Amino acid sequence: MTLTRVENAFRSLKSDLGLRPVYHQLATRTAAHLFISVLGYHLLSAIELTLRSNDDTRSWSTIKEQVSTHARTTMVLTNDEGIVNHIRVSSVPEPTQRKIYSLLGVRDPLKRIKTVATRL
């Protein structure tokens, strides 16, 4: 049972995060690729465990599908004085997404509007 869950998790990570077989030429890159893969798996497992401890039996694929429509868009604008404004606008979470965030203890998943300004 556990082996099946691990295999499904890595299949999901490989397809969604692009962690497909990559042929690295350097050992450090191979180690980094493996580290990111295992880190992704631990994050996925922590999410599932937290939801299960709150009596939510959704699988990772269901969670991923339900949360995938909560999006963020960044607009980059430069004015005449050389100031670059990054304006990030997030969509409003749907009730299902809010429920998942609540069960995971995420208080403000994506702030509605955030502005960052820098100079060129």
Side-chain angles (χ1 to χ4, degrees):
M1 186 81 159
T2 303
L3 180 59
T4 303
R5 287 184 61 234
V6 170
E7 288 172 344
N8 287 339
F10 273 99
R11 188 176 304 110
S12 178
L13 288 172
K14 287 179 183 181
S15 63
D16 297 337
L17 299 178
L19 297 177
R20 300 182 184 283
V22 177
Y23 302 100
H24 297 291
Q25 302 299 318
L26 302 174
T28 54
R29 290 183 182 169
T30 303
H33 186 91
L34 182 60
F35 175 76
I36 289 170
S37 299
V38 172
L39 184 64
Y41 174 70
H42 280 290
L43 182 59
L44 182 152
S45 294
I47 289 169
E48 284 183 331
L49 179 65
T50 303
L51 290 175
R52 270 197 314 275
S53 68
N54 287 310
D55 297 324
D56 190 312
T57 58
R58 285 178 259 221
S59 67
W60 171 249
S61 58
T62 303
I63 297 163
K64 177 183 64 173
E65 181 182 318
Q66 291 174 341
V67 176
S68 68
T69 58
H70 192 187
R72 170 176 275 182
T73 302
T74 302
M75 295 173 280
V76 180
L77 308 166
T78 306
N79 67 13
D80 295 338
E81 298 169 5
I83 296 175
V84 180
N85 290 296
H86 298 263
I87 303 169
R88 294 189 181 110
V89 181
S90 302
S91 62
V92 176
E94 297 169 3
T96 305
Q97 295 165 339
R98 272 187 261 142
K99 175 74 172 168
I100 292 170
Y101 296 144
S102 173
L103 291 172
L104 291 173
V106 177
R107 291 201 337 245
D108 189 8
L110 295 175
K111 291 191 183 287
R112 184 80 179 104
I113 297 176
K114 179 179 179 183
T115 303
V116 178
T118 56
R119 278 199 172 272
L120 287 178

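Predicted, not measured: the structure shown is a model, and the values here were computed from it. What you see below is based on every heavy atom in this structure, not just the backbone, and it leaves out hydrogens, waters and symmetry mates.
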Would you name the heavy atoms of [X] and [Y] that are closest together and state the gap between them?
| X | Y | value |
| --- | --- | --- |
| L104 | I47 | CD2-O, 3.8 Å |
| E48 | S59 | OE2-C, 4.1 Å |
| L103 | T50 | O-CG2, 3.7 Å |

Exercise for the section: Look at the side chain of S45 and the backbone N and O of Y41, then say whether any donor-acceptor pair between them is shorter than 3.5 Å. Expected result: yes

Problem - S68 side chain vs E65 backbone, donor-acceptor pair below 3.5 Å - result: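 The answer is yes, because a donor-acceptor pair under 3.5 Å joins these two groups.
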
Exercise for the section: Rounded to the nearest 0.5 Å, what's the gap from CZ on F35 to OG1 on T28? Could you check? Expected result: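 Spacing of CZ (F35) from OG1 (T28) equals 14.0 Å.
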
Problem - Point-to-point distance, once rounded to the nearest 0.5 Å, from OG1 of T74 to CG of N85 - result: 12.5 Å

Practice task
Please indicate whether R29 has more than 12 foreign heavy atoms, meaning atoms of other residues, nucleotides or ligands, lying under 6.0 Å from its CZ.
Solution key: no

Handout entry: Sole residue of K99, R58, Q97, E94 in side chain to side chain donor-acceptor pair (under 3.5 Å) with Q66
Key =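 For Q66, the side chain to side chain donor-acceptor pair (under 3.5 Å) test succeeds with only one of K99, R58, Q97, E94, which is R58.
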
